[in-house]
Amino acid sequence: MGLVTCKPERDAERQNRQIETQIRAENQANKRKVKMLLLGVSDSGKSTIVKQMRVNYLDGFNETEVVNAIFVIRNNIIDAFKNISNIILHSDINVTPEEKERLHILIEIILDILVINTIRQFGCIKLFFERFTTHPLVPDHIHYFYPNLERIAVANYIPTTEDLIHMRQTTLGVHEISFDFTKHTIRLIDVGGQKTERRKWIHFFEGVTAVIFICSMASFNQTVEEEPKSFVWESSLNRVQNKVLVRSSGKAKVEKPGMINRLDESVELFKSIRENGFLRNSNFMLFLNKVDLLAKKLSKIAFSDYFPDYKQWINGDNSVPSVAEFIESMFREGLEAEHRIFAHLIQANVTSNVEYTFGLCCDVIFEKNLDDTSLE
Ligand SMILES: Nc1nc2c(ncn2[C@@H]2O[C@H](COP(=O)(O)OP(=O)(O)OP(=O)(O)O)[C@@H](O)[C@H]2O)c(=O)[nH]1
Ligand SMILES: [Mg+2]
């Protein structure tokens with residue numbers, strides 16, 4: 001004789017089954033949710049990666065963002081030209097009295113983009129772009145915006161997607177986007193890299209599937225941006241004076257307190273994050289960014305002028321592959337064996353390059369997650 005159950009019990013069983021199915025479905029969905037954190041010092045290229053994801057996997061930029069970008073891009077250029085004028089006036093570049101006066105006015109007073117468009121024709125500016133493009137105080141975006149100045153200066157200028165990708169806007173606070181990638185939903189979190197912003201990072205360290213740490217390889221001849229600029233303008237034309245001043249990890253002694261090499265800062269920051277207990281089980285991706293600018297700089301500057309240890313490096317020529325290998329070794333040095341990292345060279349302002357590298361990373365992350373799942 002079969003077991004007779006009364007109606008309330010059958011209802012309870014059905015309800016239990018429904019709840020279990022729901023929990024299973026939620027677990028499956030959660031496994032497909034991936035939290036990724038973009039970390040790195042300021043100006044390393046984190047937000048540029050986010051912009052590329054928006055272009056690749058979302059709808060790109062909306063109308064309001066494009067209109068706001070007109071102002072931001074023009075300001076990027078005006079600020080860059082103020083710096084450039086300062087560098088020229090502290091250099092041995094020949095400047096006519098009229099040019100000198102105009103450069104001083106540019107530094108003192110905020111001028112509009114049309115004025116910059118005329119200043120760009122000055123002999124001293126042209127000479128600057130021939131001789132000093134690798135100067136540590138020249139913002140990276142100007143290499144892109146300088147040849148496009150005429151287009152940007154016209155009254156009815158509308159920024160292109162490419163313009164928005166190159167635009168520089170320091171991140172304050174935390175921004176995130178969410179998009180579908182293969183079978184996964186990726187939540188990508190972008191934070192500000194400035195020192196004052198870093199204390200906010202810890203709030204996002206829980207449940208992180210992957211940390212994408214970005215480093216600008218081109219920052220090897222730069223010092224951290226919080227430093228007094230007057231010193232840098234005067235000294236940075238002489239690269240020997242401006243070489244590594246503080247290397248907390250390396251052998252060079254502290255020569256000027258407060259002057260920290262930006263690549264060193266990036267390595268130190270990476271190590272402190274890699275060893276953070278909350279991120280013990282996260283995958284670590286290291287994006288060695290700005291490979292284009294690194295190549296440009298290495299054609300004019302010896303890497304070993306800034307990192308004397310490089311002279312002893314096996315392949316110590318001044319080539320991109322060798323220098324990149326050395327930089328990667330700086331990140332790996334002293335890490336515990338289980339602290340594995342997946343490193344890749346990247347040029348974040350090239351959409352296809354980001355798409356490719358991100359795909360490689362995801363292959364690693366998802367394959368590893370699959371392993372983790374199968375152990376359960
Ligand atoms: N040439 C070149 N420029 C790049 C590359 N990646 C980023 N940039 C530029 O570097 C500048 C800084 O990039 P962001 O993405 O704003 O840097 P960030 O890490 O978000 O900086 P914070 O928000 O201050 O933390 C921008 O002007 C970018 O266009 C690259 O691979 N090559
Ligand atoms: Mg940013």
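Counting starts at 1 for both ligands and their atoms, following the listed order.
Protein atoms of type N, O or S found under 2.8 Å from the Mg ion (ligand 2) total 2.
Listed by atom number, the atoms of ligand 1 under 4.0 Å from D292 heavy atoms are 1 (N), 2 (C), 30 (C), 31 (O), 32 (N). Contact atoms of ligand 1 toward L293: 1 (N) (distance under 4.0 Å to a heavy atom of the residue). Shown in contact with H141 at under 4.0 Å from a heavy atom are these atoms of ligand 1, numbered in order with element: 27 (O). Atoms of ligand 1 found under 4.0 Å from any heavy atom of G193, numbered from 1 in the order shown, are 22 (P), 25 (O). Ligand-side atoms of ligand 1 in range of I165: 29 (O), range being under 4.0 angstrom from any heavy atom.
A salt bridge links D11 with R14: at least one charged nitrogen is closer than 4.0 Å to a carboxylate oxygen.
Linking Ile, Leu, Val, Met, Phe, Trp and Tyr residues whenever their side-chain heavy atoms come within less than 4.5 Å places V323 and M330 in a single cluster. Residues F71 and V67 are members of separate hydrophobic clusters, defined by side-chain heavy-atom contacts under 4.5 angstrom among Ile, Leu, Val, Met, Phe, Trp and Tyr.
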Go through the steps to decide whether R262 and D43 satisfy the test salt bridge (Lys or Arg N to Asp or Glu O under 4.0 Å), and finish with yes or no. CA-CA 10 Å; R262 232 195 259 190; D43 203 46; 3.4 Å; yes
E268 vs R198, test: salt bridge (Lys or Arg N to Asp or Glu O under 4.0 Å). Steps then yes/no. CA-CA 13 Å; E268 292 301 312; R198 289 180 210 159; over 6 Å; no
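Residues F220 and F303 bring their aromatic ring centres within 6.0 Å.
In this structure, the side chain to side chain contact (heavy atoms under 4.5 Å, CB included) partners of T64, at least two apart in sequence or on a different chain, are N62, N68. For S47, the side-chain hydrogen bond (donor to acceptor under 3.5 Å, both in side chains) test picks out T171, D190, with sequence neighbours left out. Considering only residues two or more places apart in sequence or on other chains, E355 meets the side chain to side chain contact (heavy atoms under 4.5 Å, CB included) condition with N56, Y57.
With D190, L288, D43, T48 as candidates, the residue nearest to atom 14 (P) of ligand 1 on a non-hydrogen basis is T48. Closest heavy-atom approach to atom 22 (P) of ligand 1 within the set R198, Q347, Q169, R168: this belongs to R168.
Under a cutoff of 6.0 Å and an axis angle of 45°, R274 and F284 form a cation-pi pair.
The closest approach between a heavy atom of G192 and any atom of ligand 1 is below 4.0 Å. I49 does not count as a contact of ligand 1, since none of its heavy atoms falls under 4.0 Å from the ligand.
In this structure, a donor-acceptor pair under 3.5 Å is absent between the side chains of N353 and Q347.
Between A348 and ligand 1, an N or O atom pair is found at a separation short of 3.5 Å. Residue-to-ligand polar distances place N289 within reach of ligand 1: an N/O pair is separated by less than 3.5 Å.
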